[in-house]
Amino acid sequence: MLLKDSCVLEITITHFSGFKWRSYLKLARVANKEHPLHLSLGGRLDEVVVAYETYGHLSEGGDNVILLNHALTGDSHPSAHTQHDEKGWWEPLVGPGRPLDTEKFFIICANVLGGCQGTTGPASPNPDTGLPYGMNFPEITLLDTVHVQKRLLDVLGVHHVKLIIGGSMGGMQSLEWSVAYPDFMDGVMVIAAPGYASSQSIAYNKVGRQAIILDPEWREGNYYGGIGPEKGLAIARAVGMITYQSEMSMEGKFGRKRRNGCFEIENYLDYQGNSLARRFDANSYLYLLRALDYYNLLKSCNSYEDALSKIRAKVMVVGVSSDILYPPYQQEELVEAMCDSGVDAQYALLESPHGHDGFLIDFHLLRPMIRNFMNHLIK
Ligand SMILES: CC(=O)SCCNC(=O)CCNC(=O)[C@H](O)C(C)(C)COP(=O)(O)OP(=O)(O)OC[C@H]1O[C@@H](n2cnc3c(N)ncnc32)[C@H](O)[C@@H]1OP(=O)(O)O
Ligand SMILES: N[C@@H](CCO)C(=O)O
């Protein structure tokens with residue numbers, strides 16, 4: 001659905017003080033009272049603004065679009081726009097002459113629904129009250145984020161994309177895309193993401209959420225303008241960081257080294273936890289972890305096979321050899337099920353010691369994988 005009154009807004013209102021305005025950030029309203037967003041779990045949003053960035057130029061035929069999806073705590077900034085701009089989370093992969101080549105392709109990256117970097121989320125004002133939603137924000141799924149992205153592409157006049165790509169939560173969104181809008185893309189590349197959230201991954205998320213909601217500063221989610229549950233969020237991130245690494249990478253980096261009376265791994269987890277507490281909204285973290293828990297391609301269909309058989313795109317699934325969060329057998333299982341459903345799907349293993357976050361570190365290994373898949377799409 002194309003909203004006739006969609007427009008780029010001058011500012012987005014958010015009550016999250018860690019929101020970082022970047023000069024290349026663009027905003028689009030993709031839902032309003034006349035065209036609300038009906039959510040998969042029954043809720044509704046009467047106002048949705050999406051924060052996004054674009055790289056390169058849309059070709060005349062509109063056949064050069066790549067949609068790039070970020071992971072849990074990422075944002076719409078995968079790469080610097082100029083040499084003076086801040087580096088992004090996929091800097092070595094996105095840019096002129098890089099595998100996601102901004103001289104050839106029009107690359108779009110949007111902050112997710114429920115996020116805290118410009119797109120509508122729990123820190124946004126509830127249009128009914130003018131106050132931040134907090135925990136009155138409706139429950140969301142990654143499929144809802146996909147519908148929001150689709151509305152954004154409609155607004156941008158994009159009718160087809162060459163590739164949808166992402167790692168971790170970004171990979172899950174890419175898969176949701178391939179099932180929800182099967183004819184909209186030529187290819188989908190999914191890195192370090194499973195076909196559904198495992199019980200173990202839900203367990204880690206449970207601990208993270210508990211750390212936040214048991215922080216007295218969480219105040220049932222009504223902390224905007226105050227301190228907020230910084231300690232709880234830092235603990236939640238520490239748990240997450242353990243799952244994003246591997247025994248080998250931690251042993252290599254920290255071993256049993258000590259400093260200031262603590263093991264270095266403890267210092268590291270404190271540092272990473274506190275860093276996230278400064279740059280991320282705790283309520284967004286709660287909602288996005290829950291969306292990860294709900295992720296299950298079964299949901300939109302009668303069976304996993306039914307869902308996968310809808311896919312028309314060519315698919316490349318990459319597992320990270322040392323990933324303890326979404327171990328490679330989960331990607332192998334997914335590709336096997338896809339092939340059984342008649343999908344043109346391939347599997348590749350990224351041999352990395354860095355664990356789940358290998359997709360944010362081992363760029364030299366990802367580079368040829370992306371290039372090869374792009375060539376496969378162009379054939
Ligand atoms: C799409 C997206 O997913 S976007 C979100 C991705 N970004 C994040 O997750 C942000 C958190 N950062 C990270 O997890 C990592 O930096 C990665 C995955 C991006 C890269 O991994 P690596 O290159 O192996 O970095 P590493 O895990 O060693 O972390 C480096 C940071 O920890 C700090 N650090 C390292 N050792 C210690 C220690 N013993 N004590 C305290 N701090 C430490 C470093 O100073 C550095 O800080 P900086 O990021 O402020 O410069
Ligand atoms: N470390 C990344 C990946 C998590 O899946 C992030 O924070 O988004």
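Atoms within each ligand, like the ligands themselves, are counted from 1 in listed order. Just so you know, these numbers use all the heavy atoms, side chains as well, and skip hydrogens, waters and symmetry mates. If you're wondering where the values come from, they're calculated on a predicted model, not measured in any experiment.
Using the six-membered ring where Trp is involved, Y133 and F137 have ring planes that are perpendicular, over 60° apart on the 30 and 60° scheme.
The shortest N or O to N or O distance between L325 and ligand 2 is not below 3.5 Å. The shortest N/O to N/O separation between S168 and ligand 2 falls below 3.5 Å. Some N or O of K253 is nearer than 3.5 Å to an N or O of ligand 1, by distance alone.
With N69, I361, D75 as candidates, the residue nearest to atom 24 (O) of ligand 1 on a non-hydrogen basis is I361. The heavy atom nearest to atom 39 (N) of ligand 1, considering only H77, M169, R279, E264, is found in E264. In this structure, of R237, H354, Q272, H70, the residue bringing a heavy atom nearest to atom 9 (O) of ligand 1 is R237. With D357, D75, L288, T73 as candidates, the residue nearest to atom 2 (C) of ligand 2 on a non-hydrogen basis is D357.
Of the protein's non-hydrogen atoms, T73 OG1, 3.7 Å is the one closest to atom 5 (C) of ligand 1.
Near L360, meaning under 4.0 Å from any of its heavy atoms, are these atoms of ligand 1: 2 (C), 3 (O), 6 (C).
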Report the C-alpha distance between H57 and N64 in whole Å, list the side-chain angles of each, state the deciding distance to 0.1 Å, and finish with yes or no for side chain to side chain donor-acceptor pair (under 3.5 Å).
CA-CA 8 Å; H57 299 284; N64 70 335; over 6 Å; no

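Contacts between R237 and ligand 2, counted as non-hydrogen atom pairs separated by less than 4.0 Å, involve the side chain only.
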